[in-house]
Colleague: 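Take this structure first; my questions come after.
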Amino acid sequence: MLQNRSNMLHSVNGMPVIGYTFAIELKNPMYERNTVVELAEKFHFSTKEFPEPTKRNSFKNAMRSQMKKGNESDKILHFVEETSTNVTFQVDKKVLESCNLFGNSSDGGQTEIESMIASYNPIFQVVYDKTTDRVICQNNEVLMEVYKCLGVYMESYTKQTLTRYIRNLLERNTNFIPYIKGTGVYFVPAYQKSYLDRVINFMYELDGVKNTTLCEIPALPNAESVVAKSVVDSFVDMKNNQRNEIEKLIEENSHLTEKMKENRLAEIAKRGEVIAQYEVLLNKELAEAKESTKATEMMIKNYYKFGVLENPFQKLIDENKGNTEVLNEIKATLPDDILELVTI
């Protein structure tokens, strides 16, 4: 049930406020999972929001930490590939060879300079075998170091992972949107501030310092226009992400289960509710955001009905726009479940 605008606003020093901007800022590079879970319970967050690190992800994080060390300048650790069965990293020895380079100089003449070319010779690989859940390496010393790092990452979250979990909390429990795209600054409506305060206090206790500043956004026309644009941009991005996911599924000849389909459509329905809430809060009709949500819903339904993103019957209808007789004939021959997926 929708609230009314007056219930959605806050008053800060006598000024009506539509919401708050903030950034998700964590200070430490790593967080022990047990500490995170204990604090989650203290602030009444579901511990399911903070799952145990998988061995695959822990292995990749452990290897990335080794890549950053770079103790030996002549050896390079790099990611090779991830397949359905393995995650592979490789250590190469860097070999420098002198060479002469020829080319045009800035004054139009020819020039020759002495330079060095680097080539890389493979030394050994470090592989995580997904089928056996084991790490394999020809170098025992390196293998021991990897297992030591792996143990740490199996019990901890990186800052990036924990930031993602906190973002998920806000997405599931507030009408949270990016405020200005690409800046890491987000917006939550004023009437959901109590939940936002819990999340921010959770971050404060994790770091032991106050590391996030809330900024009030006043209920003024220019501010409301910025928020309205952010809502539209956010929903367009959601639609594009959904399209990319479905295109990937089609390319891989994969199929979503009925449960996954239901979850997708439920997610889209929730987006529609969020748009409706923002329309009341901002006193604006967010037609573009509605259109984006509808387009995503139609895209998913078309995928399940026809195995493609675009409805083949819509093209036939579009080609006959203006021909009432033909359109009526098409309408009469199409089943009801297909008629729901086209615009005549």
Side-chain angles (χ1 to χ4, degrees), residues 1-5 167-168 171-178 181-182 187 189 224-344:
M1 190 168 110
L2 289 178
Q3 301 184 59
N4 59 53
R5 177 176 159 90
R167 193 178 190 281
N168 290 343
E171 285 180 338
R172 291 183 184 123
N173 296 282
T174 70
N175 294 338
F176 160 93
I177 57 165
K181 190 173 178 180
F187 175 88
E224 290 176 351
S225 294
V226 172
V227 174
K229 182 180 184 305
S230 297
V231 174
V232 172
D233 289 347
S234 180
F235 280 77
V236 169
D237 286 344
M238 286 180 190
K239 186 189 83 169
N240 292 338
N241 290 340
Q242 198 87 64
R243 185 184 193 98
N244 291 337
E245 287 177 21
I246 295 175
E247 284 179 341
K248 185 178 178 183
L249 285 167
I250 293 172
E251 287 171 8
E252 296 174 353
N253 295 316
S254 301
H255 298 283
L256 294 176
T257 65
E258 284 300 311
K259 185 64 178 175
M260 291 169 75
K261 174 183 175 181
E262 289 170 11
N263 289 341
R264 288 276 175 89
L265 294 175
E267 181 186 336
I268 293 169
K270 183 176 184 293
R271 292 179 198 168
E273 293 168 9
V274 171
I275 293 168
Q277 292 275 355
Y278 272 109
E279 285 186 331
V280 175
L281 176 64
L282 302 173
N283 273 334
K284 292 179 186 292
E285 185 183 358
L286 302 175
E288 290 180 60
K290 279 183 179 174
E291 186 180 336
S292 176
T293 298
K294 181 66 176 174
T296 307
E297 181 181 4
M298 295 295 281
M299 184 171 63
I300 290 176
K301 287 182 177 178
N302 284 328
Y303 170 66
Y304 281 107
K305 189 71 181 175
F306 307 112
V308 294
L309 296 179
E310 309 300 339
N311 188 322
F313 294 99
Q314 188 66 57
K315 182 179 179 183
L316 179 64
I317 290 166
D318 291 342
E319 288 172 350
N320 288 280
K321 287 287 186 187
N323 191 331
T324 306
E325 185 179 342
V326 173
L327 290 178
N328 286 337
E329 186 178 336
I330 293 171
K331 188 175 180 181
T333 57
L334 291 181
D336 289 344
D337 60 337
I338 292 177
L339 279 173
E340 291 176 358
L341 302 178
V342 296
T343 303
I344 295 180

Colleague: To the nearest 0.5 Å, what is the distance between CD1 on Ile330 and CD on Glu319?
Modeller: 9.0 Å
Colleague: Which residues satisfy the side-chain hydrogen bond (donor to acceptor under 3.5 Å, both in side chains) test with Lys301, sequence neighbours excluded?
Modeller: Glu297
Colleague: Which distance, rounded to the nearest 0.5 Å, do you find between the CD1 of Ile275 and the CD of Glu291?
Modeller: 11.0 Å
Colleague: Looking at residues at least two apart in the chain, or sitting in another chain, which of them share a side-chain hydrogen bond (donor to acceptor under 3.5 Å, both in side chains) with Asn283?
Modeller: none
Colleague: Can you name the residues that form a side-chain contact (heavy atoms from CB on, under 4.5 Å) with Asn328, not counting sequence neighbours?
Modeller: Thr324
Colleague: Please list all pairs meeting salt bridge (charged side-chain N to carboxylate O under 4.0 Å, His left out) that have one or both residues in residues 303-318, counting only residues at least two apart or in different chains.
Modeller: Arg243-Glu310, Lys305-Asp337
Colleague: Report yes if some heavy atom in the side chain of Ile317 is under 4.5 Å from a heavy atom in the side chain of Gln314; otherwise report no.
Modeller: yes
Colleague: Locate the shortest heavy-atom distance separating Leu327 from Gly322; write the atom from each residue and the value.
Modeller: CD1-N, 4.3 Å
Colleague: What pairs of residues pass the ring pair (Phe, Tyr, Trp, His ring centres under 6.0 Å) test when at least one of them lies in residues 308-344, not counting sequence neighbours?
Modeller: Phe306-Phe313
Colleague: Excluding sequence neighbours, so at least two apart, what forms side-chain contact (heavy atoms from CB on, under 4.5 Å) with Val236?
Modeller: Val232, Asn240, Ser292
Colleague: Looking at side-chain heavy atoms only, is the closest gap between Asn302 and Val308 below 4.5 Å?
Modeller: no
Colleague: With Lys239, which residues qualify under salt bridge (charged side-chain N to carboxylate O under 4.0 Å, His left out), at least two apart?
Modeller: none
Colleague: Could you walk me through whether Lys284 and Ser225 pass the side chain to side chain contact (heavy atoms under 4.5 Å, CB included) check?
Modeller: CA-CA 9 Å; Lys284 292 179 186 292; Ser225 294; 3.7 Å; yes
Colleague: Using the test salt bridge (charged side-chain N to carboxylate O under 4.0 Å, His left out), find all partners of Lys270 that sit at least two apart in sequence or belong to another chain.
Modeller: none
Colleague: How far apart are the C-alpha atoms of Leu286 and Phe235, what are their side-chain angles, what is the distance that settles it, and do they pass the side chain to side chain contact (heavy atoms under 4.5 Å, CB included) test?
Modeller: CA-CA 11 Å; Leu286 302 175; Phe235 280 77; over 6 Å; no
Colleague: Going by the rule side-chain contact (heavy atoms from CB on, under 4.5 Å), which residues pair with Lys229 if we only count those two or more places apart in sequence or in a different chain?
Modeller: Asp233
Colleague: Going by heavy atoms in the side chains, are Met298 and Lys294 under 4.5 Å from each other?
Modeller: yes
Colleague: Can you find a heavy atom in the side chain of Thr296 that is under 4.5 Å from one in the side chain of Arg271?
Modeller: yes
Colleague: Taking salt bridge (charged side-chain N to carboxylate O under 4.0 Å, His left out) as the definition, give me every residue that meets it alongside Glu329, ordered by chain and number, with sequence neighbours left out.
Modeller: none
Colleague: Are Tyr278 and Asn175 packed together at the side-chain level, in the sense that at least one heavy-atom pair is separated by less than 4.5 angstrom?
Modeller: yes
Colleague: Side-chain contact test, heavy atoms from C-beta onward, threshold under 4.5 Å: evaluate it for Leu281 versus Gln3 and give yes or no.
Modeller: no
Colleague: Tell me, with the steps shown, if Arg5 and Glu224 meet salt bridge (Lys or Arg N to Asp or Glu O under 4.0 Å).
Modeller: CA-CA 13 Å; Arg5 177 176 159 90; Glu224 290 176 351; 2.9 Å; yes
Colleague: For the residue pair Lys290 and Glu279, establish whether any side-chain heavy-atom pair is separated by less than 4.5 Å.
Modeller: yes
Colleague: To check you understand the geometry: which heavy-atom pair defines the closest contact between Leu341 and Asn311, and what is its length?
Modeller: O-ND2, 3.2 Å
Colleague: Could I get the full list of side-chain contact (heavy atoms from CB on, under 4.5 Å) partners for Arg167, not counting sequence neighbours?
Modeller: Ile24, Glu171, Phe176, Pro178, Tyr186
Colleague: So do Val231 and Phe187 actually touch side chain to side chain, heavy atoms under 4.5 Å?
Modeller: no
Colleague: Closer than 3.5 angstrom, by distance alone: can the side chain of Asn323 be matched with the main-chain N or O of Val326 as a donor-acceptor pair?
Modeller: yes
Colleague: If you count heavy atoms of other groups shown closer than 6.0 angstrom to CD of Glu325, is the number above 12?
Modeller: no
Colleague: Go through the structure and list residues passing side-chain hydrogen bond (donor to acceptor under 3.5 Å, both in side chains) with Glu285, not counting sequence neighbours.
Modeller: none
